[in-house]
Amino acid sequence: MTPDQILVTVGGLAAAAGVAWFFWFKRSPGVRASTVSDGYQEVMILVKGGYTPDTIRVAAGRPVRLLFRREETAACSEQVVLPDFGKSAPLPTGTVVPIEFMPGEPGEHEFTCQMGMLRGRILVEAV
Amino acid sequence: MGATDFAGAPPRGATGSSSPATLAQPTNSAATDRQAEYRSLMRKWWFGAAVGAPTMVLSYPWLIPGLRDVFPRGSEQLWWLWVAMGIASLAVIAYSGNQFFTGAWEALRHRSANMHTLIAIGTGTAWVYSTVALLVPQLFPSAEMADVYYDVTVVVTALVVLGMAMEVKARGRTSEAIEKLIGLQPRTARVVRDGAETEIPIEGVVVGDIVVVRPGAKIPVDGMVVLGASAVDESMITGESMPVAKGPDDEVIGATMNTTGSLRFRATKVGADTALATIVRMVGDAQASRVPIQRIVDVVSSYFTPAVVILSILGFVIWYDVGPAPAFTYATIVAVTTLIIACPCALGMATPMSLTTGVGLAAGHGILIRSGDALQAAKKIDTVVLDKTGTITVGKPAVTDVVAADGFEVDAILALAAAAERDSEHPLAAAIVDGAAERGLSPPEASRFEAVPGHGIRAWLGERRVLVGKRAFLEAGGVKAAVLEAEAARLADEGKTPVYVALDDRVAGLVAIADPVKDDSAAAIAALRRLGLQVVMITGDNRRTADAIARRVGVDRVLAEVLPQDKAHEVRTLQLEGRTVAMVGDGINDAPALAQADVGFAIGTGTDVAIEASDVTLISGSLRGVVSAIAISRATMRNVHENLFGAFVYNGLGLPVALGVLYPFVGLLLSPILAALAMSFSSVTVISNANRLKRFRLKEVAS
């Protein structure tokens, strides 16, 4: 092997490992939903190439309202789905769309776009 | 079922369509959004194509006879030409391809990757390589390596953008069904206010309003007819093609079309409570739900995009280390091709697109499939349990036969029976009174009645005595009824209930009463059996009656004398035999059995479409709906499997070929432009295949 081949091999493997680490080993602490006057735990989620924030912490047993605001026109994100709660809503660009649900037991749930390319997590925590 | 508990609980608010005014809005603006997106993508495509065509030609001028002399290899004019192309392609990236770079950046900030990531890296790499080759060619050991690949950047961007535009267009078609439903809602209604008819916007109609429907007009909201008679075309909601006769006390469904008569009805459901609004909501929720098989796909697609990036890096390394010269060029091309050919979109869209189309198709036939779970389960069922009353039969007893003894007229017997039974509350009495009325008879006025519960009724018409009831009841009154015994036995064998009628001391005849079988039940059951399903009838009737009906409609198995509360238990017993059971019932009395079954079908719900216990709701009362629902579920799931198979095979074959697996054997290496074509084509194919479902015809039902 020539030195440049060794360099490319080592660099390539390092880059591959870096990609794996970057995309697959992420943990974000998440954002805790704030409780508003009507007793709902509310959080505003920006939809633009992904969900911001994409990890939401809520307390079990109290109703949750997620307010989605889509700021892009890419067709990919035009619908948001919460499969575990059987909820979904179309997200017209620039409109705030509320989705309400009741988190039962502590656990982890997903919300995604219709094709599952954009993903977010809801962490239901014991009170 | 399961996770849908929350979904069902609050009937509205979930999708933001809680007031009548908002019914049409969300999807309408989705359609507008889609239109705008399509137009913007098409502009980007034309710009990319306009730059792409000359770029393709001018990238290899030495291959084209006329240009070979103008731009010879290594000449200064060629260098300047390439510089111009580099600037033009940068413009294409900035305008046509900007969503790839912004999308990739947004995704990167979320530490995720998607199609945009792949295309951005692919086209970006090609551009950077070309620009470096142009500006610092001394970095490359041979002049051949310093060729530019601006055509890859431009053409790939243009093709992928075109694919996206076609995808947006096709997506719109998959949701046509729900847009059509929304479009059914009339804008105004004629209501009686302060004694005068006024035309008001549909949002202004309140429960209790008297609504006037003229011939040929649309019925604006749900209600109950108070005056008038007409036939109403309900095909757009129930899927039934024949107009339905409507008179006082009949239910009318909003958005259906009145034909020739005039009607006045009292509004019972308005705004978000109407059948149409509920249907729109249910269809929307079902279309966005997940088919269970999707969970596997989700796992795959969550690893897919980064895995492709890793594959392309490894491909680069391998081609650099062991590939032919010029290694760096080949390695770059392979890496770029790999990034571009991978199509996470085909994978991600395979299931949702088919589900959206299938659920929409079903809705067009008056069948509401609640979720992807129900759809997948409906495909697997092997046994259909039909509740007899109201499902196979009309659910309302009626006079089917009248047998006259010697010296009596058929009509006279029915009139006598009706006279005697007029004030009785027995369910069979109502059938006799209705039967007489239907035949246009006017029964004489009875002067005195005596009901003997469980046996019969004694009535006097002036001096004449009429007995109506069981044979033993007549004989106790001194009437000999043996002459009609054979006829009575025959009627009983046909599943009918014979009632004896006597005038004074002579037996006059028999009136047979039965819950009539719906016209199309036998055909529908035959169709179910043709689909390979075992058909079971469940009823509280005695075995003799049950068997008689079973013979007429041709079911495989009869569960007779089942108490209403035991129906769920019977379904459970069938499931323990290892069967996947669908239960068909009216959704109210059969709710526990519907919930117990693997798939519960509520039939004939009319405007009451949101039956909680059911997985599938059939708005019309015809059993053919069950056949259609199962046929549509099967076709949809087949479509899902085709799409998933296609997407997996495409990626499974495309990726290795792009990586150059075939190169050592047959010297085949894909160009990035071909990869872009294949990628765009694959996602369009998936959507087109889903759209193909719409052409699905219910031939089983027709035959």
Assess whether atom [atom1] of [X] is packed by more than 12 heavy atoms of other residues, nucleotides or ligands within 6.0 Å.
X	atom1	value
A/W24	CH2	yes
B/M282	CE	yes
A/E105	CD	no

Side chain / backbone / both / neither for [X] at chain B, heavy atoms under 4.5 Å:
X	result
A/V8	both
A/R70	side chain
A/T2	neither

Counting only non-hydrogen atoms closer than 4.5 Å, does [X] touch chain A with its backbone (N, CA, C, O), its side chain (CB onward), both, or neither?
X	answer
B/Q99	neither
B/A307	both
B/E167	neither
B/L41	neither
B/Y303	both
B/T351	neither
B/M353	side chain
B/S40	neither

Fill in: Top contributor to chain A interface from B/P344, B/S301, B/S302 [non-hydrogen pairs under 4.5 Å]
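Answer, by heavy-atom pair count under 4.5 Å with chain A: B/S302.
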Discussion item. Only pairs of heavy atoms separated by less than 4.5 Å count here; which of B/G348, B/A331, B/A350 has the most with chain A?
Written reply: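 So the answer, after comparing B/G348, B/A331, B/A350, is B/G348.
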Fill in: side chain to side chain contact (heavy atoms under 4.5 Å, CB included) involving A/I6 - partner list, sequence neighbours excluded
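Only A/M1, A/V10 meet the side chain to side chain contact (heavy atoms under 4.5 Å, CB included) criterion with A/I6.
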Over all heavy atoms of both residues, which pair between [X] and [Y] is shortest? Give the atoms and the distance, please.
X	Y	answer
A/T9	B/V317	CA-CG1, 3.7 Å
B/I313	A/A16	CD1-N, 3.9 Å
A/F23	B/R111	CD2-O, 3.5 Å

Item to complete: Evaluate side chain to side chain contact (heavy atoms under 4.5 Å, CB included) for A/T112 paired with B/R290, printing each intermediate quantity in order.
Response: CA-CA 11 Å; A/T112 69; B/R290 291 293 172 89; 2.5 Å; yes
Practice prompt. Using a 4.5 Å cut-off on heavy atoms from C-beta on, say whether the side chain of B/E106 contacts that of A/T52.
Written response: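 SC-SC contact between A/T52 and B/E106 ruled out.
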Fill in: Close side-chain approach of B/S112 to A/R119, heavy-atom, < 4.5 Å
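No, side chains not in contact.
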Item to complete: Determine, step by step, whether A/E78 and B/R34 satisfy the side chain to side chain contact (heavy atoms under 4.5 Å, CB included) criterion, reporting the C-alpha distance in whole Å, the side-chain angles of both residues, the deciding distance to 0.1 Å, and the verdict.
Response: CA-CA 9 Å; A/E78 69 185 14; B/R34 224 177 269 132; 3.5 Å; yes
Worksheet entry | Top contributor to chain B contacts, counting heavy-atom pairs under 4.5 Å, from A/E110, A/Q79, A/Q5 |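 Top count of heavy-atom pairs under 4.5 Å with chain B: A/Q5.
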